[in-house]
Amino acid sequence: MSADSTTNGTNQSWGGRFSEPTDAFVARFTASVNFDRRLAFHDIQGSVAHATMLARVGVLSDAERDAIVEGLTEIRDEIERGEFQWSVALEDVHMNIEARLTDKIGITGKKLHTGRSRNDQVATDIRLFLRDEIDQVAAELGRLRHGLIELADREADTIMPGFTHLQTAQPVTFGHHLLAWQEMLARDHERLLDCRKRVNVMPLGAAALAGTTYPIDRHVTAELLGFERPAENSLDAVSDRDFAIEFTAFASLLLMHLSRMSEELVLWTSAQFDFIDLPDRFCTGSSIMPQKKNPDVPELVRGKSGRVYGHLMGLLTLMKSQPLAYNKDNQEDKEPLFDAVDTVKDCLKAFADMVPAIEPKKPQMAEAARRGFSTATDLADYLVRKGVAFRDAHEIVGLSVAYGLKQQKDLSEMSLEELRQFSDVIEADVFEVLTLEGSVAARNHIGGTAPDQVRAAAQRARDALAALASTPRAGA
């Protein structure tokens with residue numbers, strides 16, 4: 001492609017109106033090709049569909065359509081081979097491809113833009129791009145959920161302390177805790193697929209803002225591109241970026257959840273907790289302290305949450321004061337969206353690879369659960385079943401715990417005589433509820449931490465994930 005594709009220093013697509021060249025800095029400042037070239041394949045995909053539709057309604061001849069499609073296919077190959085010459089003077093991905101097409105096939109290349117504008121073209125490209133990326137994100141999210149579910153099923157009997165305020169509260173199973181993470185991700189997965197529905201609406205045919213006088217058939221183009229339907233209103237079609245904001249809102253929630261998981265992984269790998277071991281390939285060492293094994297992957301994922309939050313706030317701020325319809329501000333939508341997509345995909349890949357390889361340290365987990373009087377609530381429930389009012393039971397157990405702290409004994413380690421000094425309704429059967437195993441087994445209802453319930457919940461989650469993956473989606 002000729003590097004000199006401008007007239008009087010202005011873009012040939014609009015330079016006729018201008019009597020002086022664009023300032024060199026302004027040309028560079030306003031150009032987007034350095035980042036929107038990422039949309040090249042989607043731009044070509046949209047152009048092929050547009051040309052096909054124009055031929056079907058008689059605006060282009062079949063020969064013109066074939067020349068355009070063949071030329072665009074060759075350009076795609078050039079881009080894939082890294083031979084395509086991008087020009088900042090041509091501003092954006094659209095004009096770079098169109099100029100190259102005209103170089104290749106002559107004046108017919110200039111007919112491609114009939115019945116459309118760069119405004120509806122870029123809005124279509126972004127939606128095509130994001131739809132494909134959502135499908136990839138959904139696949140990685142499903143892989144992570146599957147890994148969590150399988151690990152939870154395997155660790156349904158592994159006992160660990162459950163926390164509130166980061167203080168030992170009650171014993172739970174490791175499998176139950178992992179399924180709590182899975183529930184967070186299940187909501188994220190649903191949000192992502194719901195977002196996809198609103199991404200999958202086609203702006204093409206809205207032209208600059210009011211539609212076009214050419215006899216286009218937008219339903220044909222939508223079908224060719226796999227969109228659910230054309231956008232209803234041309235003004236909204238070219239200026240809407242809600243779908244990008246919605247994806248970034250999804251990404252922010254997802255990264256918040258991954259950050260919470262990361263925080264727990266960082267705590268659990270510390271010497272103070274020592275609950276789990278992460279494989280060496282997900283950790284790094286210290287340049288000065290040879291004993292260190294740092295959980296860099298969870299720490300970095302935790303840190304990247306702020307990056308994605310920033311993109312969400314940036315997009316919201318970008319759109320908040322824009323009048324209808326298209327404004328140059330909208331050029332600033334791509335870099336935050338691209339980076340949010342890349343960050344989400346990288347974080348999900350890291351977690352989907354890492355989570356199945358987590359190794360729980362079962363003795364340390366159980367010992368930590370024993371140390372914190374985690375069966376105190378079970379003793380209170382036991383007393384209530386014996387006819388003691390709950391408030392009185394609460395006080396009795398509090399006295400028992402205070403005694404245990406002085407004697408350095410867990411409730412399960414006290415003799416029957418020691419326990420009976422606080423209430424004479426306590427019998428030998430109390431030890432059935434004071435063990436960690438008895439405590440978790442007693443929570444045997446849907447949503448509870450009993451091992452049987454964990455296994456049942458894992459199967460329900462497995463079935464729900466399979467059903468979600470098999471749901472047909474338009475444009476998939």
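What's counted below: heavy atoms across the whole structure, side chains too, no hydrogens, waters or symmetry copies.
The two residues D274 and A271 have their closest heavy-atom pair at CB-O, 3.9 Å. Heavy-atom minimum distance, R131 versus F227: NH1-N, 3.7 Å. Pairing each heavy atom of D188 with each of L141, the nearest pair is C-CD2, 4.2 Å. Looking at every heavy atom in both residues, A186 comes nearest to R145 through CB-NH2, 3.5 Å. Between T30 and K328, the closest heavy-atom pair is O-NZ, 3.4 Å. Residues V454 and L179 approach most closely at O-CD1, 3.6 Å, considering heavy atoms.
Between the side chain of T449 and the main chain of V172, no donor-acceptor pair closer than 3.5 Å is present. Formation of a donor-acceptor pair under 3.5 Å by the N96 side chain with backbone atoms of S87 is found in this model. For the pair S234 (side chain) and L209 (backbone), a donor-acceptor distance under 3.5 Å is present. The backbone N or O of D296 sits nowhere less than 3.5 Å from a side-chain atom of N294 that would complete a donor-acceptor pair. Side chain of E299 to main chain of V266: no donor-acceptor pair is present (N/O by atom type, distance under 3.5 Å, no hydrogens or angles). In terms of modelled atom types and a separation under 3.5 Å, the side chain of D120 and the main chain of V238 share no donor-acceptor contact. Remark: the backbone N or O of A467 is paired with a side-chain donor or acceptor of T471 at under 3.5 angstrom. In this structure, the side chain of H146 does not engage the main chain of A352 through any donor-acceptor pair within 3.5 Å. Between the side chain of E223 and the backbone N or O of V220, no donor-acceptor pair lies under 3.5 Å. In terms of modelled atom types and a separation under 3.5 Å, the side chain of T173 and the main chain of H176 share a donor-acceptor contact.
At a cut-off of 3.5 Å, with distance as the only test, a side-chain donor of Q322 or N327 sits close to an acceptor on the other residue. In the model, H94 has no side-chain atom that pairs as donor or acceptor with a side-chain atom of D36 under 3.5 Å.
Using a 4.5 Å cut-off on side-chain heavy atoms (C-beta onward), R65 and L54 make no contact. Residues L253 and R191 have side chains in contact (heavy-atom distance under 4.5 Å, counting atoms from C-beta outward). Put simply, the side chain of R127 does not reach to within 4.5 Å of the side chain of M202, judged on heavy atoms. Contact annotation: the side chain of M95 approaches that of R118 to within less than 4.5 Å [non-hydrogen atoms, C-beta and beyond].
Under the ring pair (Phe, Tyr, Trp, His ring centres under 6.0 Å) criterion, Y326 pairs with no residue at all, not counting sequence neighbours. For F351, there are no ring pair (Phe, Tyr, Trp, His ring centres under 6.0 Å) partners two or more places apart in sequence or in a different chain.
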Apply side chain to side chain donor-acceptor pair (under 3.5 Å) to the pair Q121 and D125, showing each step before the final yes or no. CA-CA 6 Å; Q121 187 179 358; D125 290 357; 4.8 Å; no

Where do L267 and F163 land on the side-chain contact (heavy atoms from CB on, under 4.5 Å) test, with the steps shown first? CA-CA 13 Å; L267 288 172; F163 299 94; over 6 Å; no

Taking it one step at a time, do I79 and W86 satisfy side-chain contact (heavy atoms from CB on, under 4.5 Å)? CA-CA 10 Å; I79 295 171; W86 298 96; 4.1 Å; yes

Can you check salt bridge (charged side-chain N to carboxylate O under 4.0 Å, His left out) on R143 and D353, steps first, answer last? CA-CA 9 Å; R143 192 164 71 90; D353 290 344; 2.9 Å; yes

The test is side chain to side chain donor-acceptor pair (under 3.5 Å); show your working for H177 and E155 and say whether it passes. CA-CA 10 Å; H177 195 114; E155 304 299 335; over 6 Å; no

Kindly indicate, with the supporting measurements, whether the criterion side-chain contact (heavy atoms from CB on, under 4.5 Å) is fulfilled by M354 and L265. CA-CA 11 Å; M354 179 180 64; L265 291 173; 3.8 Å; yes

Residue pair R100, I97: steps toward the side-chain contact (heavy atoms from CB on, under 4.5 Å) verdict: CA-CA 5 Å; R100 178 59 177 147; I97 290 174; 5.8 Å; no

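Residue pairs meeting the salt bridge (charged side-chain N to carboxylate O under 4.0 Å, His left out) criterion with at least one partner in residues 246-262, sequence neighbours excluded, are R198-E246.
The aromatic rings of F273 and F275 lie perpendicular to each other, with more than 60° between the two planes, well past the 30° mark.
Between F41 and F129, the gap from one ring centroid to the other reaches at least 6.0 Å.
Ionic pairing of R38 and D342 is present here: one or more N-O contacts between side-chain nitrogen and carboxylate oxygen are shorter than 4.0 angstrom. Salt-bridge check for D153 with R455: failed, with every basic side-chain N at 4.0 Å or more from each acidic carboxylate O. With respect to E150 and R462, a salt bridge is recorded, a charged nitrogen being found less than 4.0 Å from a carboxylate O.
Here the straight-line distance linking atom CG of D452 with atom CZ of R443 works out to 15.0 Å at 0.5 Å rounding.
The residue from K111, K110, R116 that alone fulfils the side chain to side chain donor-acceptor pair (under 3.5 Å) condition with H113 is R116.
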